[in-house]
Number of protein chains: 2
Amino acid sequence: MGIFSKTCEYAMRAVFFIAHRTAEGGKVGIKEIAEGIDSPEHFLAKILQDLSRRNIVKSAKGPNGGFYMDNISLKRRLSEVVEAVDGNGLFTGCGLGLHYCSETNPCPLHNEFKVIRNQIFNMLQNTTIEDFNEDLNLGITSLKK
Amino acid sequence: MGIFSKTCEYAMRAVFFIAHRTAEGGKVGIKEIAEGIDSPEHFLAKILQDLSRRNIVKSAKGPNGGFYMDNISLKRRLSEVVEAVDGNGLFTGCGLGLHYCSETNPCPLHNEFKVIRNQIFNMLQNTTIEDFNEDLNLGITSLKK
DNA sequence: ACAGATAAAGATAAAAAACTCTTAATTTTA
DNA sequence: TAAAATTAAGAGTTTTTTATCTTTATCTGT
């Protein structure tokens, strides 16, 4: 498995997709998102429900409803998405899973791991959802084969 | 959860512990290891069975038996332990979990993630099990509260 | 050769994560 | 106001991960 949970992978792909597809003020339905990012529809629905509750994406019911993002959502950092789904263990936890591990009582991997952990955090912290739109628009990056 | 599976965390802690405790040619039993790294004994037994089959640790049955490491084991890189347990997805996989993602068909996170992934790999690749012994010996690092 | 100590193996169980299905609530539009 | 479209919510199911328990095989010392 990767460094993020599957749920988190779907979440990230979904926010990228929604941001990309609703840049002009539209909305996009769950079916289309699931299809667009190749994820199980009902499972993704649960994830988006949660992201919606946490205000990371916006949603509207009824005809012409769907998911979209407002300016606040677009400016959210990727770290906020990850934290909402996987918690902050990735940013703060010990590489060996030791609870007590800290600067003053480090595990053997502590110093090496700290560097990695901080870089993961920085990467996610320094990028907002909308940052990824340009490359998606240009077709430089993609979310599906 | 962290970036490694729990199984992998136990595995790394165990090899550090074994290396540390058998530096003078002894052996150490499963009960003592489990206690020493605060892991469930029977579960750890399974993990060590596996690491033993893969020659990452050595084992001997019978009285005065237990786990230990020979020179080859001590020189193994941490990346070998991680790969044995969690596979190489951590070193090669896409951050968003997309199978097709590659240099020529990158996902939105590809370039940012690549850096992280390589650093994780380098960290694990550049350290051998025995590298961690000194600090454990000096009491600078620890595997249990 | 026997008793005891130990890891190996196998079978099972519990918990968590991933996934599915059904129903309810909300909104729009005719 | 009724029908249709859509997300929200709830209640499962399946799969994977983590953990436990029991039995077997192997080794050592006497």
Side-chain angles (χ1 to χ4, degrees), chain A residues 1-14 17-18 21-22 26-35 37-69 73 82 84-87 89-90 96-97, chain B residues 1-15 17-18 21-22 26-35 37-69 73 85-87 89-90 97:
Chain A
M1 231 235 294
I3 86 172
F4 305 111
S5 71
K6 223 142 193 231
T7 303
C8 190
E9 291 174 351
Y10 292 145
M12 290 189 284
R13 276 146 65 184
F17 186 85
I18 296 168
R21 284 296 289 279
T22 65
K27 301 189 189 99
V28 59
I30 183 70
K31 212 167 281 185
E32 205 173 338
I33 304 170
E35 153 74 19
I37 67 170
D38 191 30
S39 77
E41 181 185 329
H42 295 289
F43 188 45
L44 182 62
K46 287 294 181 196
I47 298 168
L48 287 179
Q49 248 175 58
D50 199 54
L51 292 181
S52 175
R53 257 186 253 109
R54 294 162 184 270
N55 255 291
I56 287 177
V57 301
K58 308 292 280 182
S59 70
K61 289 184 186 177
N64 307 315
F67 294 91
Y68 63 101
M69 307 190 78
S73 301
V82 172
V85 177
D86 278 353
L90 200 59
L96 300 184
Chain B
M1 234 234 295
I3 86 172
F4 306 111
S5 70
K6 222 147 195 227
T7 303
C8 190
E9 290 174 351
Y10 291 147
M12 290 189 284
R13 275 147 65 182
V15 297
F17 187 85
I18 296 168
R21 283 297 289 277
T22 65
K27 301 190 188 96
V28 59
I30 183 69
K31 211 166 286 183
E32 204 173 338
I33 304 170
E35 152 75 18
I37 68 170
D38 192 30
S39 76
E41 181 185 328
H42 295 289
F43 188 45
L44 183 62
K46 288 293 180 198
I47 298 169
L48 287 179
Q49 248 174 60
D50 200 54
L51 292 181
S52 175
R53 256 185 253 111
R54 295 162 184 270
N55 255 291
I56 287 176
V57 302
K58 308 292 280 182
S59 70
K61 288 182 183 178
N64 306 316
F67 294 90
Y68 62 102
M69 307 189 79
S73 301
V85 177
D86 278 353
L90 200 58

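No experiment lies behind these values; they were computed from the predicted model shown.
- Within a heavy-atom distance below 4.0 Å of DNA chain C, the residues of residues 39-51 of chain B found are Lys46(B), Gln49(B).
- The phosphate of dA8(C) (OP1 or OP2) has a side-chain N or O of Ser52(B) nearer than 4.0 angstrom.
- For Thr7(A), taking side-chain heavy atoms from C-beta onward, the closest of the listed nucleotides dA7(C), dA18(C), dT7(D) is dA18(C).
- When distances run from any side-chain atom of Lys61(A) to the nucleotides dA8(D), dT18(D), dC27(D), the shortest one goes to dA8(D).
- Remark: Arg54(A) engages Asp50(A) in a salt bridge, criterion side-chain N to carboxylate O under 4.0 Å.
- The separation between Phe67(A) atom CZ and dT26(C) atom C1' is 13 Å, rounded to whole Å.
- In this structure, the OH atom of Tyr10(A) is 13 Å from the C1' atom of dT20(C), given to the nearest Å.
- Straight-line distance from the CZ atom of Arg53(B) to the C1' atom of dG10(C): 12 Å, rounded to whole Å.
- When rounded to the nearest whole Å, the span between CZ of Phe4(A) and P of dA17(C) equals 17 Å.
- If you find the closest nucleotide of DNA chain C to Ser59(B) and to Ala60(A), the one lying nearer the 5' end belongs to Ser59(B).
- Comparing Met1(A) and Val28(A) along DNA chain D, the residue whose closest nucleotide (by nearest heavy atom) sits nearer the 5' end is Val28(A).
- Rounded to the nearest 0.5 Å, atoms NZ (Lys46(A)) and CG (Leu48(A)) are 11.5 Å apart.
- Here side chain to side chain donor-acceptor pair (under 3.5 Å) pairs that include residues 26-35 of chain A, with residues two or more places apart or in two chains, are Arg21(A)-Glu32(A), Glu35(A)-Lys144(A).
- Each of Ile37(A), Val57(A), Ile56(A) was scored for a side-chain contact (heavy atoms from CB on, under 4.5 Å) with Ile18(A), with one residue passing: Val57(A).
- Applying the side chain to side chain contact (heavy atoms under 4.5 Å, CB included) test to Thr7(A) and every residue at least two apart in sequence or in another chain returns Ser5(A), Phe43(A), Ile47(A), Val85(A).
- Here the OH atom belonging to Tyr10(B) is positioned 12.0 Å from the CG atom belonging to Leu96(A), to the nearest 0.5 angstrom.
- Put simply, NZ on Lys31(A) is 14 Å from P on dT20(C), counting in whole angstrom units.
- Distance CD1 (Ile33(B)) to P (dA8(C)): 10 Å, rounded to an integer number of Å.
- At dA5(D), none of the side-chain N or O atoms of Asn64(A) fall inside 4.0 Å of OP1 or OP2 (strictly under the cut-off).
- Following rounding to the nearest Å, Glu32(B) (CD) and dA5(C) (C1') show an atom-to-atom distance of 14 Å.
- Here dT20(C) presents its C1' atom at 15 Å from NZ of Lys6(A), a figure rounded to the nearest Å.
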Just do the side chain to side chain contact (heavy atoms under 4.5 Å, CB included) check on Val28(A) and Phe17(A) with the steps written out, would you?
CA-CA 9 Å; Val28(A) 59; Phe17(A) 186 85; 4.0 Å; yes

